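No hydrogens, no waters, no symmetry mates; every other heavy atom, side chains included, goes into these values. Bear in mind that the values here come from a model prediction, so they are computed numbers and not experimental data.
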Amino acid sequence: MTSTTTDILTRLERYYDAVPRSSARAEDFGPLTLFVPAGSGHPYYARPTLEWTGAPATAADVERVRARQRELGIPEAFEWVPDMTPGLRRALEETGLAMQERPLMLLEDDGSAAAPHPLVRLLAADDPALPGALAVPQLAFAELGTAVGAAGPDELAALIAAQKADGNGSVERVADQIRAGLSVVAAAVEDGTVLCAGQYRPVSTATATEIVGVGTLPSARRRGLAVAVTAALAADARARGIDTVFLTATDDAVARVYARAGFRCIGTAMEASAE
């Protein structure tokens with residue numbers, strides 16, 4: 001691994017540690033840190049403790065974290081970059097967790113120069129498209145892949161209505177984050193229907209940010225919308241002075257899509273979870 005890559009990954013590690021702290025508390029488990037969501041917020045993960053200099057995490061350390069996650073009723077989930085914490089996978093595997101490797105991708109210096117797409121806009125907190133922008137990725141990730149799928153506007157409308165009836169407050173929570181400058185959401189909207197959406201979360205203490213949750217309504221795939229939404233988010237991040245923009249692709253096929261938006265693979269992001 002080159003010194004340049006090490007420097008980039010160090011910036012990513014700082015971001016991974018900083019981004020949950022605005023909406024979660026950190027619990028110390030020595031070589032591991034568990035982020036616990038406040039209230040009904042987004043469930044976070046455990047990950048290597050930033051700048052830890054002690055002994056590497058063991059299976060016993062992992063089991064302590066998992067016991068705490070079960071006690072709290074949150075997912076038994078861990079995320080890390082193996083280039084930065086190479087021994088963690090073995091400790092996690094010893095406890096029986098399932099592993100998932102995903103391409104870790106960085107925006108090249110000239111990768112945000114794509115022309116704006118006519119359907120894509122950044123959403124204000126009161127934008128009527130916000131509920132759809134938060135619902136579309138759920139339908140996308142329920143029907144993985146890049147091929148055109150079945151779920152379309154009817155399924156999206158039903159999901160939005162169900163979430164409104166459920167009253168879980170996710171739209172209001174993200175709207176508050178947008179107002180506070182803690183979240184930026186972009187969406188492709190056609191005739192009032194959100195076809196693709198994604199977001200990133202700026203952190204004032206970090207020079208990096210991760211584009212997350214980019215998903216296209218399955219029936220609207222193969223139109224270049226994910227690339228357009230990603231490019232809009234990347235351009236906004238760069239305009240805010242964020243020089244390290246990255247993302248984690250679902251798989252190699254999706255990574256090829258993001259390559260068209262100027263991203264290149266710099267490593268692997270790992271996830272471990274209880275099956």
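The CZ atom of R256 sits 12.0 Å away from the SG atom of C265 when rounded to the nearest 0.5 Å. Atoms CD and OG, from Q177 and S23 in turn, are 6.0 Å apart once rounded to the nearest 0.5 Å. In this structure, CG on L104 lies 4.5 Å from CD1 on I266, to the nearest 0.5 angstrom. Here CG of D28 is found 6.0 Å from OG1 of T49. Values are rounded to the nearest 0.5 Å. Taking CH2 from W80 and CZ from R89, the interatomic distance works out to 6.5 Å, rounded to the nearest 0.5 Å. Annotation: the span from R68 atom CZ to R70 atom CZ amounts to 12.5 Å, rounded to 0.5 Å.
When side chains are defined from C-beta on, L182 does not count as touching P202, because their heavy atoms never get closer than 4.5 Å. With contacts defined as side-chain heavy-atom distances shorter than 4.5 Å, the pair P48/F78 does not qualify. Put simply, the side chain of L50 does not reach to within 4.5 Å of the side chain of T33, judged on heavy atoms. V65 places none of its side-chain heavy atoms less than 4.5 Å from the side chain of E27. Counting heavy atoms from C-beta outward, V184 and I178 have side chains that stay 4.5 Å or more apart. Here the side chains of R66 and V62 are in contact, with some heavy-atom distance below 4.5 Å. M270 places none of its side-chain heavy atoms less than 4.5 Å from the side chain of Q100. Taking 4.5 Å as the limit, every side-chain heavy atom of L34 sits out of range of all side-chain heavy atoms of Y45.
Between R90 and E93 no salt bridge is recorded (no basic side-chain N to carboxylate O distance below 4.0 Å). Between D176 and R179 there is a salt bridge, with a side-chain nitrogen of the basic residue lying less than 4.0 Å from a carboxylate oxygen of the acidic one.
Side-chain contact of S3 with T6: a donor-acceptor pair under 3.5 Å is absent, judged by distance alone. A donor atom on one side chain and an acceptor atom on the other are not found under 3.5 Å apart for T268 and E101. In the model, T207 has no side-chain atom that pairs as donor or acceptor with a side-chain atom of T244 under 3.5 Å. Side chain to side chain, T58 and D61 meet the donor-acceptor criterion of an N or O pair below 3.5 Å. Between the side chains of R102 and T250, not a single donor N or O lies within less than 3.5 Å of an accepting N or O.
Hydrophobic clustering (ILVMFWY, side-chain heavy atoms < 4.5 Å, transitive): Y44 and I74 are in distinct clusters. Residue L195 is not grouped with residue V120 when hydrophobic side chains (ILVMFWY) are merged at heavy-atom distances under 4.5 angstrom, including chains of intermediate members. The same ILVMFWY cluster, assembled from side-chain heavy atoms under 4.5 Å apart, contains both Y258 and I242. Tracing side-chain contacts under 4.5 Å through hydrophobic residues (I, L, V, M, F, W, Y), one reaches V171 starting from V185; they form part of the same cluster.
Checked by atom type and distance alone, the side chain of T209 pairs as donor or acceptor with a backbone atom of R201 at under 3.5 Å. Without hydrogens or angle criteria, R47 side chain to E79 main chain gives a donor-acceptor distance under 3.5 Å.
Nearest approach of A234 to L107, heavy atoms of both residues: CB-CD2, 3.7 Å. Nearest heavy-atom pair, G198 versus L233, reported as atom, atom and distance to 0.1 Å: C-CD1, 3.5 Å. Listed here is the closest heavy atom pair of M105 and A249: SD-CB, 4.1 Å. Across Q69 and A77, no two heavy atoms sit closer than the pair NE2-O, 3.2 Å. The two residues D17 and F35 have their closest heavy-atom pair at O-CZ, 3.6 Å. Across every non-hydrogen atom of A220 and L225, the tightest pair is O-CD1, 4.0 Å.
In the hydrophobic clustering, W52 connects to no other residue, as no ILVMFWY side-chain heavy atoms lie under 4.5 Å from its own.
For residues 222-237, the side chain to side chain donor-acceptor pair (under 3.5 Å) pairs, not counting sequence neighbours, are E190-R223, Y200-D236, D236-R240.
The six-membered or imidazole ring of F246 lies near that of Y15, with a centre-to-centre distance under 6.0 Å.
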_Test side-chain contact (heavy atoms from CB on, under 4.5 Å) applied to L106 and I8, step by step_ = CA-CA 9 Å; L106 178 75; I8 291 169; 3.6 Å; yes
*After noting the C-alpha distance and the side-chain angles of L247 and V212, does the key distance pass the side-chain contact (heavy atoms from CB on, under 4.5 Å) rule?*
CA-CA 7 Å; L247 56 79; V212 298; over 6 Å; no
*Trace of the side chain to side chain donor-acceptor pair (under 3.5 Å) decision for E63 with T95*: CA-CA 7 Å; E63 290 288 11; T95 72; 4.8 Å; no
_Apply salt bridge (Lys or Arg N to Asp or Glu O under 4.0 Å) to residues E13 and R11 and explain how you reach the verdict._
CA-CA 5 Å; E13 289 288 304; R11 279 181 255 164; over 6 Å; no
*Tell me, with the steps shown, if M99 and L92 meet side-chain contact (heavy atoms from CB on, under 4.5 Å).*
CA-CA 9 Å; M99 303 292 127; L92 290 162; 3.6 Å; yes
*Going through the checks in order, is the side-chain contact (heavy atoms from CB on, under 4.5 Å) test met by L12 and V81?*
CA-CA 9 Å; L12 269 55; V81 176; 5.7 Å; no
Less than 3.5 Å apart, which donor and acceptor atoms pair up between the side chains of residues 122-149 and the rest of the protein, not counting sequence neighbours?
residue, atom, partner, partner atom, Å
D127, OD1, R121, NH2, 3.0
D127, OD1, A129, N, 2.8
D127, OD2, R121, NE, 3.0
D127, OD2, R121, NH2, 3.4
Q138, OE1, Q163, NE2, 3.0
Q138, NE2, L134, O, 3.3
E143, OE1, A151, N, 3.4
E143, OE2, A150, N, 2.7

